Amino acid sequence: MMCRIRAFEDAAEEASRGGVAAFGQQAVGQAQVRGPLHLSTGQEAVAAGVCRHLRPNDYLTSTHRGHGHTLAKGADLERMMHELFGKATGFCGGRGGSMHIADFSVGMLGANGVVAAGIPIALGAAQSIKIRRVDAIAVTFFGDGAINRGPFAESLNWAAAFNLPILFVCEDNQWSATTKTGTMSAGQGAAARARSFGIEAEVVDGNDVGAVSETARGMIADIRAGKGPRLLHARTYRFKGHVSVDPAIYRDPKELEAALKSDPLLVTAAQLRAHGVAPTEIDAVLQAARTEVARAVETAGQAPWPAASDAFSQIQDTGAGQWL
Amino acid sequence: MMCRIRAFEDAAEEASRGGVAAFGQQAVGQAQVRGPLHLSTGQEAVAAGVCRHLRPNDYLTSTHRGHGHTLAKGADLERMMHELFGKATGFCGGRGGSMHIADFSVGMLGANGVVAAGIPIALGAAQSIKIRRVDAIAVTFFGDGAINRGPFAESLNWAAAFNLPILFVCEDNQWSATTKTGTMSAGQGAAARARSFGIEAEVVDGNDVGAVSETARGMIADIRAGKGPRLLHARTYRFKGHVSVDPAIYRDPKELEAALKSDPLLVTAAQLRAHGVAPTEIDAVLQAARTEVARAVETAGQAPWPAASDAFSQIQDTGAGQWL
Amino acid sequence: MAVMNYAAAAATSLGDAMRRDSAVVALGEDVGRGGIFGQYRGLQEAFGSERVIDTPISEATIMGAAVGMALTGLKPVIELRVIDFALCAMDEIINQAAKNRYMFGGQSHVPAVIRMPIGIWSASAAQHSQSLESWFTHVPGLVVVAPATPQDNYGLLQAALQCGDPVAYFEHKELWALDGEVDPGQPVPLGKAALRRSGDDLTIISWSKAVHWSLDAAEILARDGIEAEVIDLRTLWPWDREAVFASAAKTGRVLVAHEAIQVAGFGAEIAATLAEQTDARVARLGGPRAPVGYAPVLEAETRVTPSRIAAKARELLAR
Amino acid sequence: MAVMNYAAAAATSLGDAMRRDSAVVALGEDVGRGGIFGQYRGLQEAFGSERVIDTPISEATIMGAAVGMALTGLKPVIELRVIDFALCAMDEIINQAAKNRYMFGGQSHVPAVIRMPIGIWSASAAQHSQSLESWFTHVPGLVVVAPATPQDNYGLLQAALQCGDPVAYFEHKELWALDGEVDPGQPVPLGKAALRRSGDDLTIISWSKAVHWSLDAAEILARDGIEAEVIDLRTLWPWDREAVFASAAKTGRVLVAHEAIQVAGFGAEIAATLAEQTDARVARLGGPRAPVGYAPVLEAETRVTPSRIAAKARELLAR
Ligand SMILES: Cc1ncc(C[n+]2csc(CCOP(=O)(O)OP(=O)(O)O)c2C)c(N)n1
Ligand SMILES: Cc1ncc(C[n+]2csc(CCOP(=O)(O)OP(=O)(O)O)c2C)c(N)n1
Ligand SMILES: [Mg+2]
Ligand SMILES: [Mg+2]
């Protein structure tokens, strides 16, 4: 899974050059993936480690940086790439793009263009699970910057007050756009805040997929057993700029250099080698992922655009057809 | 001060009968104090105990239940009563009423009709103090229900991140309108939440003005010394309904009965007696307060209404006169 | 058929819907004790606290959670107390609830009724007296409803719950105690105006509490032999152009009267549409662009009243 | 006089104001690195992090704190990145900033400039493409500004900072890179429209990026000998009735063209006012009531374009 995410992000990045105007860059128009593209390169272990314990009927909400979460939840890679290309064959029929990637058929209730906005949505899904007496849980991913928005605190309180089956996952890549999150976040972070609401929380190395998986497994088991909400704080790093066109000149290159040494793919490869897996086998996995992604890029390029009339469908039923 | 607040609230309550439609009551029109009137009867020790350590150039923001805070900050009692009567001579010229009581001349930056909305305003005042290098602090009062709104958490984080001179005071009267706050609040309350941001916090008996004062004194000294924000959680009780016309039939009468035994006025009277103050002297203070308030009610009744044209002044300078 | 007030009509309607459809739930502050205006009376007793859900004071999360509920098979009724506090949940209403279905290409639906009472609530001043319904007509994905009578509050709530779209549902803060006949068997469809009074001289278009003032204004005008037609729009989006255009064709003069501030109020949309597409003369009467003051004399200045509507009607007739 | 782009004009203007007036401060996410569009470039270096304040991702508190700053002697410039995220701070803008002065009877003032860029930002889809300026014209206490050129972004920001009122300041998400001459000595008063092109056949009223489309539309029309007058409103509240009415009297036909959704957009207010008070024929062209889609073909459907404006103008002329 981590290799598939990495391969996906690399290909999306490649296809997005010149795709958006920000950070002093101009949109050039002919990019295949347009608009703000937030890559999760380097953060793959969090998505993979958590989502391997989820079932298709568990619910997930995500952030603006949601490709990895969506893939890990079981969404089809090809249809995702098609959505990034804005094609009719994408998950949202080209209406959403990267920031609104979603696959409701596997319980992935959507990325979100608004920081922290996915958190209460997952909370509501968890309450719905309880009300409908379904055997499932809800999971919500959010960034380290998102914990400073009110809805995070409101949702922690609510989840604990109602003892809801929800796992909060803070995917801490140390940055909030161009701001070092640490300078703007007081206290000991997401886990400490969760504990102040009586929610059990743990901090893990988010570059070690084994560690993430092991902790998530225990927490998810507790949640399924009705023990209430849990919070997992996973420390990782954002290898790329905030969006794909951002050169991230505001950060010390040494910081990135150091972080690249804990690349979760390298960490896992080392662990696998230690377990006797042959390097060629490991390479083959990444190679296979790249081949799969290359095929997705190819079919995405050829796939049809949405019809212009799609701009006016799936908005609302009441009053449909009346757009002025 | 506590006696003045009590006398003020009792008189305001008396003047408000039939003043608002809610809780199954109808507005009858001839009430002198109209609209939602939130009484702080029984909570006087919190306002008095905290505000005695404040100077006129310290800033204060309050809630919908702000009479006590405003008086304790040094506002003129008579002009307050005039505002409740909606008269031109009130602090807001009759534009605000009880929910928008304010006296900027003593640093009281306003009650607020929106739960928790005063918190970030006080935060901004604290940041302004720091930017302008003024020797002052900011204080914000809020209810136990307010701690579940996002701006509270956002402001705690911000205050700690910027090490601002602000005292957060949670005035915990155990109720949020018709809801027992405990059922909707997870964890150990306001103090625990503050600590999760690295903010020192203490819990005190909010019916004991001495205890409140002592703790507030220490915290305010720390804040003035640049040691950053503090949070004070004061436990008290709301003697009346949520608004003056609310009979509060949703709560167990025994709860009120028990609470009345810790009436902060009784507690203080007992303490004073123990210190040798004569009961007649104590009664005299309350009597004096009632006399002062009675006079205020009388002058408020006689004071002039605002001019109709006041509906169109003090809105904005740019485009003034253009109301359609 | 029974006489009940506007608040009871809503509670009864919601109860009937909850009995019929186990997916319907309600959530918000103080709903367990029936809501502070009685608009949820008896419901938690009848359906339990899992379906009539008391919440913390967390408007943003109330609304956000409702979106999550709606996406996963429930039909939430969201209590935001007054439109003024709904301002604490605008991202969730506008960016999440309204756009969800489109953004995700129709994978999702957000059936939800968002209750945000509007209007001046006497002596409650600037932060409790707003009427922001026009904002929501500007937002794709939302249906916008504003009932003026107990019957319509019963029937429109039913229709809102059935339509499958997110509905911005605007009751009026001062109509709770209004009594009227309610026939649960009488459907009130979305998007259909009600003719409240017939007349040939001019048309007054209105909704919510202003309908009652418009009817009073029509009485005043009738004393001088002026016959005003009064149309209660009931649904602001989609609005009943057919009814409005037909009346405009008949009378040739249309006054839109609403309590909301006139500037950029929904009256502007109706007047502009009529000006673009018909030969009718149009006029508007809404509140002044001023906050609502506390003192009675100040509040009165910001109210649209029957006599002001009648005066505006005469002006229009003289044009 | 210098050529600079719309983002640089804003940064220069703010810098000039900060140099002159120590009460002016700026706060918001990422302002320390110049803002992600360069609209704060160089300011933290020049004025330090106490006056150009990086904040946590806490929109509600950014805005609420700014109110507290304004009440205590500062003049904050509030960065909310895009109007879409400003939805997280609506209570603070509407209930607190706008009403503060009135509610407290003039004891207080809230001098503040709230930057909330509007418009479709190409390929950014439904949650990053809104234009909600009409909402703010509906709210008493607020001034509403929407500059279309670098010169106006420089000058209107100066005027907004000097006026003493809370200003809803709407830059456009796709104008940042627009170059133009900027003369800092040339004041741009609030409430005054700019005549961008003279013509006798019809008037096109517009603001923000739509001004540029309107000028292009005028070029298209000119090829057929149709002379359109193009007025850039610049300030939406208070709007320049004098200029609009004078042009309407001259041409007799007024088209309001804006990017925001047409339904309940500010075009409705202008058209309705003209219909009430003049004999001019009016028409509007705004976006359809549909969320903005991601794919280019979908996004294009929701854009107001020069050719659509020209077509609407022809329609109006034929009426
Ligand atoms: C409410 C809101 N405020 C601001 C933004 C702009 N923004 C997008 S991503 C981002 C940084 C988020 O940081 P974090 O939560 O750590 O997520 P990361 O980007 O690191 O994955 C910001 C400020 C937004 N989308 N929504
Ligand atoms: C944002 C918001 N939500 C709801 C309300 C309605 N309301 C007014 S007071 C109140 C209860 C507040 O409880 P608490 O903070 O404990 O203050 P108390 O009334 O006990 O002093 C509620 C829900 C409001 N004014 N603002
Ligand atoms: Mg981050
Ligand atoms: Mg309380």
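Here the structure is a predicted model, which means the values were calculated and not measured. Proteins get letters first, then strands, A, B, ... in listed order; numbering begins at 1 in each.
Heavy-atom pairs under 4.5 Å with chain B were tallied for C/Gly287, C/Gly293, C/Ala125, C/Ser124; the largest tally goes to C/Ser124. Of the residues considered (B/Leu324, B/Thr179, B/Thr178, B/Thr183), B/Thr178 shows the highest number of contacts with chain C, using heavy-atom pairs under 4.5 Å. Note: B/Pro36 leads B/Gly24, B/Pro36, B/Cys92 in heavy-atom pairs under 4.5 Å with chain C. Counting heavy-atom pairs closer than 4.5 Å to chain B, the top-ranked of the candidates C/Val263, C/Ile36, C/Ile57 is C/Ile57. Listed options C/Thr61, C/Leu298, C/Thr55 were ranked by heavy-atom pairs under 4.5 angstrom with chain B; first place goes to C/Leu298. For chain B, the option among C/Gly286, C/Ala177, C/Cys88, C/Ser122 with the highest count of heavy-atom pairs below 4.5 Å is C/Cys88. Contact tally against chain C (heavy-atom pairs below 4.5 Å) for B/Ala116, B/Ala22, B/Pro151: the top residue is B/Ala22. Ranked by non-hydrogen atom pairs under 4.5 Å with chain C, the options B/Tyr250, B/Phe85, B/Phe23 are led by B/Phe23. Of all the listed residues (B/Gly145, B/Ala117, B/Gly94, B/Ser185), the one sharing the greatest number of non-hydrogen pairs under 4.5 Å with chain C is B/Gly94.
Contact annotation for B/Val33: both backbone and side-chain heavy atoms come within less than 4.5 Å of a heavy atom of chain C. With a threshold of 4.5 angstrom between heavy atoms, B/Asn112 approaches chain C through its backbone and through its side chain. Neither the backbone nor the side chain of C/Ala60 comes within less than 4.5 Å of any heavy atom of chain B. Using a 4.5 Å cut-off between heavy atoms, B/Val114 contacts chain C through both its backbone and its side chain. Looking at C/Gln262, the atoms closer than 4.5 Å to chain B (heavy atoms on both sides) all sit in the side chain, from C-beta outward.
Between C/Glu299 and C/Arg303, at least one side-chain nitrogen of the basic residue sits less than 4.0 Å from a carboxylate oxygen of the acidic one, meeting the salt-bridge criterion. Salt bridge B/Lys180/B/Glu255: present, at least one basic N to carboxylate O contact under 4.0 Å. In summary, B/Arg235 and B/Asp144 do not engage in a salt bridge, as defined by a charged side-chain N under 4.0 Å from a carboxylate O.
Under the 30°/60° scheme for interplanar angles, the aromatic rings of C/Trp207 and C/Phe266 are found to stand perpendicular. Between C/Trp213 and C/His172, the ring-plane angle classifies as perpendicular under the 30° and 60° cut-offs. In this structure, B/His38 and B/His242 have perpendicular ring planes: the angle between them is above 60°, well past the 30° mark.
Because its NZ or CZ atom is both nearer than 6.0 Å to the ring centre of C/Tyr40 and within 45° of the ring axis, C/Arg115 counts as a cation-pi partner of that residue.
Checking B/Thr236, B/Asn173, B/Asp172 one by one against B/Gln43, the side chain to side chain donor-acceptor pair (under 3.5 Å) holds for a single residue, B/Asn173.
The aromatic ring centroids of C/Phe37 and C/Trp121 lie less than 6.0 Å from each other.
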